[in-house]
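What follows is a short report on a single structure.
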Amino acid sequence: MDFQTVQKSRIQVLNDAESGKGRYVLYWMQQSQRADYNHALEYAIQQANRLGQGVLVAFGLMDDYPEANLRHYTFMLEGLKETRETLARRRIKMVIQKGAPAEVALKVGRNASVIICDCGYLRHQKAWREEVATRAGCRVVQVESDVIVPLRVVSDKAEYAARTIRPKIHKHLADYLVDFKPATVKESSLHLTANCMDIDNIDTLLKKMKIDRSVMRVSNFFKGGSSRARQMFKTFLHRRFERYVDNRNQPQTDDISHMSPYLHFGQISPLYLALQINDVDSRLQAAKDSFLEELIVRRELAMNFVNYAPHYDSYKCLPNWARLTLAEHRQDPREYVYTRRQLENAQTHDEYWNAAMREMRHTGFMHNYMRMYWGKKILEWSKTPEHAYRTTLAINNKYFLDGRDPNSYTGVAWVYGIHDRAWFERPIFGKIRYMAASGLERKCDIKGYVRKVDDLVDKA
DNA sequence: ATCGGCTCGCGCAA
DNA sequence: TGCGCGAAGCCGAT
């Protein structure tokens, strides 16, 4: 059967400039920080082969990426180092330069025939692409490689809930959940000369960078890089996937994939993960369906949210019924009110919540089920819902390796009613869905979770 | 252990 | 226009 590795709907020309007059094809890598299952890279190779040129890859490294700190930079650089080495084995040169991504793309792309870029949906990522498209002397083409079904194919508006986007995604899955055949690189780019930062020694590089060092790096469990991601996913499939349906909401277990940090930095492809799941024996069909629902429907609902909701990082993004009901309960007395510092230091009266906060601080990760509880309680323990929302988002982005992800903005907003519905009215929350410690006790071994976090923190 | 009520609004059927 | 039903629930009645 004939199929295209890079479907036409993944490709979007961003300007009217001509292509073909330069010496190489530039792949400006920013979101999809990997050498495998990367549609943007693949398309760049195809274009380069057509022109008889090589592909040069460029990445712009900033000291002041919004809300990034030592923890995030360490993980990202571990991944970039491996990606650079993997590309070199394919005879593709990757240069990493200090500077704003758009500036680096324009500088390294000065002699390019065409600039290919990948696709993040946060405000600043869109602005970078806009700037490159406007100022570049050659054609700029964007290739979607971070979702299974391109956003515009699914919907042209902010979807109301998972149930409205689900059929729109499923309708197209057969066209996009297809195997990926990498093209052969015909012309090497290794001989091209371009400045590149030395990233072989990450510790040395990190010491030189003027970055926020307020958050420590994480233990080796979450080590950055595509090969580490694939290795962890393989372990998940072989040892834990058979328990995934039963245990995915059981935070005392580790029967989850732990892929979110790798997906956030584009170190692993969602298409690769989905294809791996497809290959699993159909006796585990329930687990397969459940995992693909998370990986595709809910993840791409988050992409849809940040792409189409202009205020995705503000309280204003909430639906009217949610803001209304929270406003009606603004004056309700709060039994507990904690400062941001008390929250960050895990100094509340609730040992389950404190355990979740400690998991986040020490590992850069939190079990999915606890993320919801964690967020709901900050709403309950803050002076106002607006203040709670801002605090939650700030702590989320500070400590999580996958902070500042579309899933972060969607997850935090979900706590306040987005993509959800009204429930029984109660103090503070109004009609926003409530979660209680008693629910954790009823549904899972929450004491076991606290013990698990104690062990993790001891080891860290 | 299990069930129904609580509550909003989208999207589809009619 | 009516109706079913939903991103992770709670609570009280049985």
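Below, chains carry the letters A, B, ... as their sequence lines are ordered, and counting in each starts from 1.
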Given [options], which nucleotide is nearest the side-chain atoms of [X]?
X       : options                 : result
Y434(A) : dG4(C), dC10(C), dG9(C) : dC10(C)
F424(A) : dC6(B), dA7(C), dT7(B)  : dC6(B)
W321(A) : dG6(C), dC10(C), dC8(B) : dC8(B)
Y160(A) : dG9(B), dT7(B), dC11(C) : dG9(B)
E159(A) : dC6(B), dG6(C), dG11(B) : dG11(B)

Once you apply a heavy-atom cut-off of 4.0 Å, does [X] come out as touching a base, just sugar-phosphate, or nothing?
X       : value
R166(A) : sugar-phosphate
S438(A) : sugar-phosphate
N249(A) : base
W414(A) : base
R442(A) : sugar-phosphate
M435(A) : sugar-phosphate

In whole angstrom, what separates [X]'s [atom1] from [N]'s [atom2]?
X       : N      : atom1 : atom2 : value
I296(A) : dA7(C) : CD1   : P     : 16 Å
L301(A) : dG6(C) : CG    : P     : 15 Å
K431(A) : dC8(B) : NZ    : P     : 4 Å
R298(A) : dA7(C) : CZ    : P     : 7 Å
E441(A) : dG9(C) : CD    : C1'   : 15 Å
H419(A) : dC5(C) : NE2   : C1'   : 17 Å
L326(A) : dT7(B) : CG    : C1'   : 14 Å
I165(A) : dA7(C) : CD1   : P     : 11 Å

Review point. What is the minimum heavy-atom distance between E144(A) and H39(A), and which atoms define it?
Key: O-CB, 3.7 Å
**Study point:** Closest heavy-atom pair and its distance - V132(A), W28(A)
**Key:** CG2-CZ3, 3.6 Å
Can you tell me, in whole Å, how much space there is between the [atom1] of [N] and that of [M]?
N       : M      : atom1 : result
dA14(B) : dC5(C) : P     : 14 Å
dG4(C)  : dG4(B) : P     : 15 Å
dT1(C)  : dT7(B) : P     : 24 Å

Check whether the side chains of [X] and [Y] place a donor and an acceptor atom closer than 3.5 Å, and report yes or no.
X       : Y       : value
N354(A) : T348(A) : yes
S155(A) : E159(A) : yes
R361(A) : N345(A) : yes

Practice item. Please give the nucleotide sitting opposite dA13(B) as a Watson-Crick or G-U wobble pair, both distances under 3.5 Å, or none. Key: dT1(C)
Check your understanding: Should dT7(B) form a Watson-Crick or G-U wobble pair with both distances under 3.5 Å, which nucleotide is its partner?
Key -> none
Check your understanding: Salt bridge check: are R166(A) and E293(A) linked by an N-O gap of less than 4.0 Å?
Key -> yes
Point to revise | Phosphate contact (dG9(C) OP1 or OP2) by K376(A) side-chain N/O below 4.0 Å | key: no
